Protein chains: 2
Amino acid sequence: MNDLTIGALAKSAGVGVETVRYYQRRGLLSPNGAHKGAFRVYGNDELARLRFIRRAQSLGFSLDEVADLLALDEETDRERARAFAQSKIADVESRIRQLTEMRSALQGLVSCCEHTEAPAPCPILHALANSPEPPPAPQGKARTRSARQAP
Amino acid sequence: MNDLTIGALAKSAGVGVETVRYYQRRGLLSPNGAHKGAFRVYGNDELARLRFIRRAQSLGFSLDEVADLLALDEETDRERARAFAQSKIADVESRIRQLTEMRSALQGLVSCCEHTEAPAPCPILHALANSPEPPPAPQGKARTRSARQAP
DNA sequence: GTTGACTCCGTACTCGGGTACGGGGTCTAG
DNA sequence: CTAGACCCCGTACCCGAGTACGGAGTCAAC
């Protein structure tokens with residue numbers, strides 16, 4: 001049974017110590033368990049759980065959703081898990097559609113810009129200033145952070 | 001010259017009053033201008049500017065980027081505007097790629113689930129618990145708020 | 001002349017997923 | 001036995017784009 005300190009656990013899962021502690025605060029990992037001396041030690045089960053969290057996250061599940069996933073039972077909750085995944089697919093697809101629309105609007109502006117002659121006002125800025133389109137909905141950014149650790 | 005109060009301006013652009021004031025604080029709209037009595041009045045130029053902001057935002061530009069766009073000159077900054085739009089396209093495309101990967105991973109899980117017989121443990125939860133994949137990078141959500149106003 | 005809707009201004013809070021900091025305690029190698 | 005690395009715990013802060021709230025002033029209509 002390999003006993004990991006929080007630092008070793010974090011490193012094995014590719015996250016920071018603070019992140020582990022944050023997951024504990026959120027209730028995704030249990031904060032009380034075996035101690036060796038004054039320090040808590042973590043086993044393979046907890047490492048697996050931590051990796052589960054990261055995998056689910058990388059598939060687009062929020063930490064709240066990950067908590068729900070963790071509460072499912074591998075034996076009896078197949079239906080629920082599948083429904084969950086399917087609704088997440090729908091979710092992802094709608095975000096893809098939105099982005100695709102944004103891209104084509106932007107491409108429209110750029111190609112318009114490329115086809116107008118030099119001494120004309122910028123068609124992109126002009127379109128932004130005067131476009132007849134209704135201003136629909138802005139959207140947040142999907143920032144992608146990568147590797148943590150090792151400063 | 002139609003003079004709008006802040007509330008009328010906001011409504012014409014489909015945003016909330018607080019949003020207008022927020023843009024003023026961010027320097028996207030000027031906070032000092034004509035007054036009629038004790039209240040500030042806004043003209044068509046300011047309405048146009050506000051709509052510009054929303055349109056750019058809906059194309060994926062952050063408010064900081066919108067500020068840069070607003071600083072461009074329609075006559076002399078065509079190059080810059082086009083480069084800006086092009087880099088935003090690249091941006092959007094990379095988000096699309098990410099989401100597409102997420103979708104196919106999810107679809108893999110679901111179809112695997114559909115092809116295994118009933119009395120087996122849930123393949124989705126199982127995969128999340130044991131997948132060999134390296135846990136790469138999670139990603140933030142592109143939440144899409146829509147119309148504001150009208151509570 | 002008062003009611004109700006609106007404006008002004010400032011500060012503080014929201015959400016999500018962490019990161020940073022600081023003062024202590026502890027563990028281990030040299 | 002001491003230095004340096006690590007742990008514990010709590011609190012506060014970051015980002016982006018707003019939203020909420022509260023007190024005070026003001027305006028238009030009835």
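Treat the numbers as computed from the prediction; the structure is a model and nothing was measured. Just so we're on the same page: letters track the sequence lines, and every chain starts at 1.
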Taking only N and O in the side chain of [X], is any of them less than 4.0 Å away from OP1 or OP2 of [N]?
{"X": "A/Arg40", "N": "D/dC9", "result": "no"}
{"X": "B/Thr19", "N": "D/dT19", "result": "yes"}
{"X": "A/Ser62", "N": "C/dG16", "result": "no"}

Given [options], the nucleotide with the shortest approach to the side chain of [X]:
{"X": "B/Arg25", "options": "C/dG18, D/dG10, D/dT19", "answer": "D/dT19"}
{"X": "A/Arg26", "options": "C/dG17, D/dC27, D/dC8", "answer": "C/dG17"}
{"X": "A/Tyr23", "options": "D/dG16, C/dG16, C/dG18", "answer": "C/dG18"}
{"X": "A/Arg21", "options": "D/dG10, D/dA20, C/dG17", "answer": "D/dG10"}

Q) Does any donor atom in the side chain of B/Tyr23 or B/Arg54 lie under 3.5 Å from an acceptor atom in the other side chain? A)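 A donor-acceptor contact under 3.5 Å links the two side chains.
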
[X] has an atom [atom1]; how far is it from atom [atom2] of [N], in whole Å?
{"X": "B/Gln57", "N": "D/dA17", "atom1": "CD", "atom2": "C1'", "result": "8 Å"}
{"X": "A/Gln24", "N": "C/dG18", "atom1": "CD", "atom2": "C1'", "result": "14 Å"}
{"X": "B/Asn32", "N": "C/dC8", "atom1": "CG", "atom2": "P", "result": "12 Å"}
{"X": "A/Tyr22", "N": "C/dA20", "atom1": "OH", "atom2": "P", "result": "15 Å"}
{"X": "B/Ile6", "N": "D/dT26", "atom1": "CD1", "atom2": "C1'", "result": "15 Å"}
{"X": "B/Leu63", "N": "D/dG18", "atom1": "CG", "atom2": "C1'", "result": "9 Å"}
{"X": "B/Glu18", "N": "C/dC8", "atom1": "CD", "atom2": "P", "result": "11 Å"}
{"X": "A/His35", "N": "C/dT26", "atom1": "NE2", "atom2": "C1'", "result": "14 Å"}

Check for a donor-acceptor pair, side chain of [X] on one end and backbone N or O of [Y] on the other, with a separation under 3.5 Å.
{"X": "A/Thr100", "Y": "A/Ile96", "answer": "yes"}
{"X": "B/Arg78", "Y": "A/Pro123", "answer": "no"}
{"X": "B/Glu65", "Y": "B/Ser62", "answer": "yes"}

(Q) Using a strict threshold of under 4.0 Å (side-chain N to carboxylate O), is an ion pair present between B/Arg80 and B/Asp73? (A)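 No, this pair does not count.
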
